[in-house]
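Chain identifiers are assigned alphabetically (A, B, ...) following the order of the sequence lines, protein sequences preceding nucleic acid strands; residue numbering begins at 1 within each chain. Not measured: the values here are computed from a predicted model.
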Amino acid sequence: MPELPEVESIRRQLEPLLMGRYVTEADSHPSGKFTPAREIVGLGFEAVFRRGKYLLFHLDNETEMVVHLGMTGQLLPCDNLSDPYLRAWWRLDNDRILGYRDVRRFGRIRICLPGQYEGTLGSLGPEPLSDDFTVDQFYASLKASNRKVKTQLLSQRPVAGVGNIYADEACFRAGIYPGVRKLTKAKTAALHESIRYVLTMAVANGGTTLRDYVNAEGKKGNNQFYLECYGRAGEPCVKCGEILRRVMIDGRGTTFCKSCQKR
DNA sequence: ACTACGTCCTGCGAGC
DNA sequence: TGCTCGCAGGACGTAG
């Protein structure tokens, strides 16, 4: 489940591999979620950016390719075109191949005019690690909705790039029950700080690998060894010793401490 | 306009 | 041992 830290790790590794290269050949799985990958043959890479969990490949000819990794997506050099989970690939002019692997096909690849985004990417909240992410704006955004706080975080609207792992981690660190619908300004400030903290640490640790995530070098991250809440239901809380519980919030598994995160 | 929930996908682990 | 079944979850579609 690549979230901001995992996608950022991939971006940093892909950029030097792609800069100054152009695509000589490409193919994809027949699903419309991946066929746009074929449209960039002949185009050159100019830069690789990230917004939230989206990778943005800037190409020449006024073209941008947007890749979302979904749950199990991987972008990395490919040495086996018969990999059954390879959903798209691009051959570069140095004869190396960039592969998009995605066991569960939750990811998607799109082509658009530069910056002309639709859907979630078009209405994405601010980058959590930039100065655009302020407590005041975060507070106003959360206040404007009556959904549960965790659900709002997963919507990508109050802030970009937070998924299930870091939503649970941030709520735990901030002492906020993820199912609450309204936050005080002070709690909002704590959540704001916690989001920045858990994401910064996860980037520094190279992302979290629970099962599928590998970076563009095919290597696992290390942040799974530093998670304090996600995936630890049944274990004692690192703050108070209470046994962490697991519930469903709007259909998503959620781990929390009943003692530290009161409603 | 909003919120809630079903859907897509496949592999894996629990339970019988 | 071998099978079924539920779960994992990001974004989107649909219903109310």
Between B:dT10 (P) and A:Asp102 (CG): distance, integer Å: 10 Å
Atom pair distance, as rounded to whole Å: CZ in A:Arg105 and C1' in B:dT7: 14 Å
Test side-chain contact (heavy atoms from CB on, under 4.5 Å) applied to A:Leu59 - qualifying residues, sequence neighbours left out: A:Ile40, A:Leu43, A:Phe45, A:Thr63, A:Met65
Pairing of A:Asp136 and A:Lys185 as salt bridge, 4.0 angstrom limit: yes
Counterpart residues, side-chain contact (heavy atoms from CB on, under 4.5 Å), relative to A:Thr72 (two or more places apart): A:Asp102, A:Val103, A:Arg104, A:Asp212
Identify all pairs in which a protein N or O lies below 3.5 Å from an N or O of nucleotides 12-14 of chain B, and state each distance.
none

Sequence neighbours excluded - ring-ring contact (aromatic ring centres under 6.0 Å, His included) pairs with any residue from residues 215-256 of chain A: A:Tyr177-A:Phe256
Counterpart residues, salt bridge (Lys or Arg N to Asp or Glu O under 4.0 Å), relative to A:Asp95 (two or more places apart): A:Arg91
Nucleotide-resolved protein contact map, nucleotides 9-16 of chain C, B/S/- at heavy-atom distance under 4.0 Å: BBBS----
Partner set under side-chain contact (heavy atoms from CB on, under 4.5 Å) for A:Tyr22, not counting sequence neighbours: A:Thr24, A:Asp93
Pairs where residues 180-216 of chain A contributes a residue and the test ring-ring contact (aromatic ring centres under 6.0 Å, His included) is met, not counting sequence neighbours: A:Phe133-A:His192
Which atom pairs link the protein and nucleotides 2-4 of chain B when you take only N or O atoms and keep those under 3.5 Å?
residue, atom, partner, partner atom, Å
B:dT3, OP1, A:Ser145, OG, 2.9
B:dT3, OP1, A:Asn146, N, 2.6
B:dA4, OP1, A:Arg181, NH1, 3.3
B:dA4, OP1, A:Arg181, NH2, 3.3

Distance, rounded to the nearest Å, where A:Arg101 contributes CZ and B:dC9 contributes P: 18 Å
Listed partners of A:Arg232 passing salt bridge (Lys or Arg N to Asp or Glu O under 4.0 Å), at least two apart: A:Glu235
Listed partners of A:Ala170 passing side-chain contact (heavy atoms from CB on, under 4.5 Å), at least two apart: A:Leu191, A:Ser194, A:Ile195, A:Val198
By side-chain hydrogen bond (donor to acceptor under 3.5 Å, both in side chains) - contacts of A:Glu242 (at least two apart): none
